[in-house]
Amino acid sequence: MDNLVALAKRRGFVFQSSEIYGGLNGFFDYGPLGAELKKNIRDCWWNDMVRRRDDIVGIETSIIMHPKVWEASGHVAGFTDPLVDCKVSKQRYRADQLFFAAVIVDGKTVGYVSALESENTAGELQAAAESFKRKKAVQGQLSPVHAKDMTEAQPDEIALIPSPATGEPGSLTPPRAFNMMFETYVGALRDDSAKSYLRPETAQGMFVDFKNVVDTGRVRLPFGIAQIGKSFRNEITPRNFIFRSREFEQMEMEYFIHEDADWAKCHQEWIDWCRSWLISIGLPESHLSLYAHPKEKLAFYSKGTVDIMFKYPFGVQELWGIAARGNYDLGQHAAASGKPQEIFDEATKKKFVPHVIEPAVGVDRIFLAVLCAAYVEDEAPDEKGKLEKRTVLRLSPRIAPLKVAVLPLLKNKDALVARAKELYAKLKRRYAVFYDEAGAIGRRYRRQDEIGTPWCVTIDFETIEKDGTFTLRERDSMTQKRINEAELFALLEEQVY
Ligand code: GAP
């Protein structure tokens with residue numbers, strides 16, 4: 001992860017936001033290559049989800065909506081995370097990410113240990129318990145620790161659990177609900193009447209505009225409304241680089257179905273679609289798994305939620321949630337606005353509120369997943385044939401920030417440079433490409449490998465003196481072959497879609 005973060009900074013993928021002022025925790029900027037990569041992820045999703053389908057339309061709704069939207073959706077009352085404060089260090093923790101365990105020796109509790117959630121929380125708690133027993137010189141048999149998070153702590157336990165910041169008990173508060181919505185004021189007044197929120201999800205835009213789309217969009221059930229846009233959550237503990245941030249981008253789609261439709265079948269179809277889509281942009285199947293939320297943890301209206309999980313370097317984490325939400329959202333907005341959110345069923349001549357399946361994913365999380373999966377350190381021969389370390393991003397051509405680098409073999413040969421620039425200009429009309437004439441050819445290849453450019457083309461003497469073909473060098477295999485311009489465009493047409 002450290003190598004990846006360093007590469008992201010060094011090659012202009014991701015920067016800390018406001019870095020010259022020390023950064024702002026939970027906010028990030030995307031540099032020139034990062035902006036391209038992110039745009040390609042968005043474009044692939046939009047093309048596959050909206051343009052290439054007949055049953056889904058796209059919209060773009062405002063980030064700040066009427067505050068009643070968030071009352072009706074349940075966010076004002078319930079969009080909370082459990083928060084624990086350390087009164088001494090002033091650190092704040094998400095209660096479900098702060099773990100503790102009783103230290104039990106010969107069946108008797110002799111103290112408590114704590115650890116922040118990690119890949120090996122149980123192991124860290126066990127080590128802390130052993131260390132506690134040693135330090136306190138407690139004799140006897142230590143039981144294996146049983147990890148719980150702070151939402152499960154009993155009132156009499158809280159005072160005994162050490163704060164991770166100080167290592168001492170007595171400073172942690174009981175968990176309390178912390179609303180994650182960013183508040184703002186609309187207009188000149190700064191009172192409650194002007195209070196609104198930055199949206200914490202794009203989904204409500206689709207529900208609130210449901211009727212507008214139905215009345216204007218020539219859609220018929222089953223159909224979907226999709227949107228890509230920024231969302232904001234005042235996360236208690238933004239972490240793992242861009243995995244959990246306070247400003248992020250979502251790609252969400254609400255797929256409306258008949259109230260009598262087989263929702264479980266439709267839910268499964270969307271789980272399969274999302275998984276295949278992730279594979280189509282280059283995520284390895286071996287890194288993907290499914291997690292079905294247990295029934296008892298679902299919201300009362302939810303029929304089922306399955307998350308597509310990704311194996312990040314810091315653990316297996318949620319990438320894409322696919323939820324069957326019944327007709328809760330449209331029902332809530334109908335009740336709160338007094339405007340029915342129904343569809344007329346020609347067959348039964350009755351009106352009903354459609355149900356919805358919602359695949360919701362974060363662009364930044366996909367961005368991080370593709371970088372993690374693509375990052376490889378291998379070896380390549382240098383100019384003299386000696387093997388040297390090579391860093392390569394094995395990005396799918398679909399999303400790679402640059403598709404081709406055009407390289408004249410020598411920069412002081414006018415004919416080579418002229419032909420290379422001509423090809424570069426032609427490619428540039430359709431694709432993000434790069435022209436590079438600086439340095440030895442091997443070094444130039446290496447620079448492109450590191451940023452994931454799938455192909456380099458080298459214009460050499462054969463190109464100008466013989467048949468016009470040039471060398472196509474492939475990033476992953478490092479193999480080279482000669483192709484002509486028409487073949488290059490055909491390759492790009494097939495691989496970049
Ligand atoms: N409308 C449903 C919804 O927003 P969610 O599980 O809260 O559901 C959907 O969010 C997706 O948005 C997540 O699966 C994740 O990919 C992304 N996401 C959520 N919170 C995020 C955060 N703080 N930073 C980055 N991505 C986030």
Side-chain angles (χ1 to χ4, degrees), residues 14 17 24-28 30 38 41-42 45 61 63 65 69-70 72-75 78-81 94 96-97 178-182 197-208 210 224-255 267 270-271 274-275 277-278 281 283 288-293 297-299 301-302 304-310 312 314 316-326 328-330 332-333 356-372:
V14 183
S17 160
L24 187 61
N25 196 8
F27 296 88
F28 292 91
Y30 288 83
K38 206 167 174 222
I41 294 171
R42 267 191 238 117
W45 188 89
T61 67
I63 285 174
M65 301 169 79
V69 169
W70 306 109
S73 67
H75 284 81
F79 194 59
T80 57
D81 265 347
R94 241 175 80 170
D96 56 351
Q97 292 172 353
F178 170 79
N179 194 300
M180 288 192 288
M181 278 198 296
F182 279 102
Y197 307 93
L198 304 191
R199 68 179 173 202
E201 60 170 25
T202 58
Q204 294 306 319
M206 276 80 96
F207 295 125
V208 170
F210 173 73
I225 310 180
Q227 160 158 235
I228 300 178
K230 289 266 182 150
S231 294
F232 302 81
R233 298 182 188 178
N234 198 2
E235 297 281 355
I236 300 167
T237 49
R239 60 183 183 157
N240 290 328
F241 197 33
I242 53 173
F243 177 81
R244 187 183 303 288
S245 47
R246 288 175 167 142
E247 174 178 337
F248 55 98
E249 204 165 1
Q250 288 186 307
M251 306 194 288
E252 297 196 278
M253 194 277 293
E254 307 300 329
Y255 199 71
H267 190 215
W270 277 111
I271 297 166
C274 297
R275 201 173 162 280
W277 187 81
L278 290 171
I281 59 157
L283 290 188
L288 299 173
S289 54
L290 298 181
Y291 169 73
H293 290 226
K297 293 216 168 162
L298 293 175
Y301 52 80
S302 174
T305 296
V306 169
D307 291 338
I308 300 180
M309 312 292 283
F310 181 77
Y312 290 95
F314 44 85
V316 174
Q317 298 282 343
E318 174 189 337
L319 175 57
W320 200 330
I322 300 109
R325 298 179 60 86
Y328 175 77
D329 303 273
L330 287 180
Q332 287 291 103
H333 289 303
V356 76
I357 307 290
E358 175 193 76
V361 69
V363 184
D364 314 76
R365 274 195 198 177
I366 296 180
F367 185 108
L368 183 58
V370 294
L371 278 191
C372 292

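Read the numbers this way: they start at 1 and go in the same order the structure lists the ligands and their atoms. Residues: numbered from 1 along the sequence shown.
- Ranked by closest heavy atom to atom 16 (O) of ligand 1, the top entry among Ile366, Thr202, Leu319, Asp329 is Leu319.
- A donor-acceptor pair is defined here as one N or O able to donate and one able to accept, closer than 3.5 Å; no such pair exists between the side chain of His333 and the backbone of Ala72.
- Within the 4.0 Å heavy-atom shell around ligand 1 one finds Val361.
- Using a 4.0 Å cut-off between heavy atoms, Ala203 contacts ligand 1 through its side chain alone, with no backbone atom that close.
- For Phe243 and Phe241, the gap between ring centers reaches or exceeds 6.0 Å.
- With Ala360, Pro200, Ser73, Pro238 as candidates, the residue nearest to atom 11 (C) of ligand 1 on a non-hydrogen basis is Ala360.
- The protein atom (non-hydrogen) at minimum distance from atom 1 (N) of ligand 1 is Glu252 OE2, 2.5 Å.
- Using modelled atom types, one side-chain atom of Arg246 and one backbone atom of Glu235 make a donor-acceptor pair closer than 3.5 Å.
- Of the candidates Thr202, Leu198, Ile63, Ser231 forms a side chain to side chain contact (heavy atoms under 4.5 Å, CB included) with just one, namely Thr202.
- Backbone and side-chain nitrogen or oxygen atoms of Glu201 are examined, and one is located within less than 3.5 angstrom of a nitrogen or oxygen of ligand 1.
- If you look at Asp307 next to ligand 1, there are no close heavy atoms at all, none under 4.0 Å.
- Only the side chain of Gln250 comes within 4.0 Å of ligand 1, counting heavy atoms alone; its backbone N, CA, C and O stay farther away.
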Original post:
Can you list the steps and then say if Leu290 with Ile308 is a side-chain contact (heavy atoms from CB on, under 4.5 Å)?
Top reply: CA-CA 5 Å; Leu290 298 181; Ile308 300 180; 3.8 Å; yes
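- Arg233 NH1, 2.8 Å is the protein heavy atom nearest to atom 7 (O) of ligand 1.
- In terms of protein heavy-atom proximity, atom 6 (O) of ligand 1 is nearest to Glu318 OE2, 3.3 Å.
- Scanning the protein for heavy atoms near atom 24 (N) of ligand 1, the closest one is Ser245 N, 3.0 Å.
- Considering only non-hydrogen protein atoms, atom 15 (C) of ligand 1 sits nearest to Arg365 NH1, 3.5 Å.
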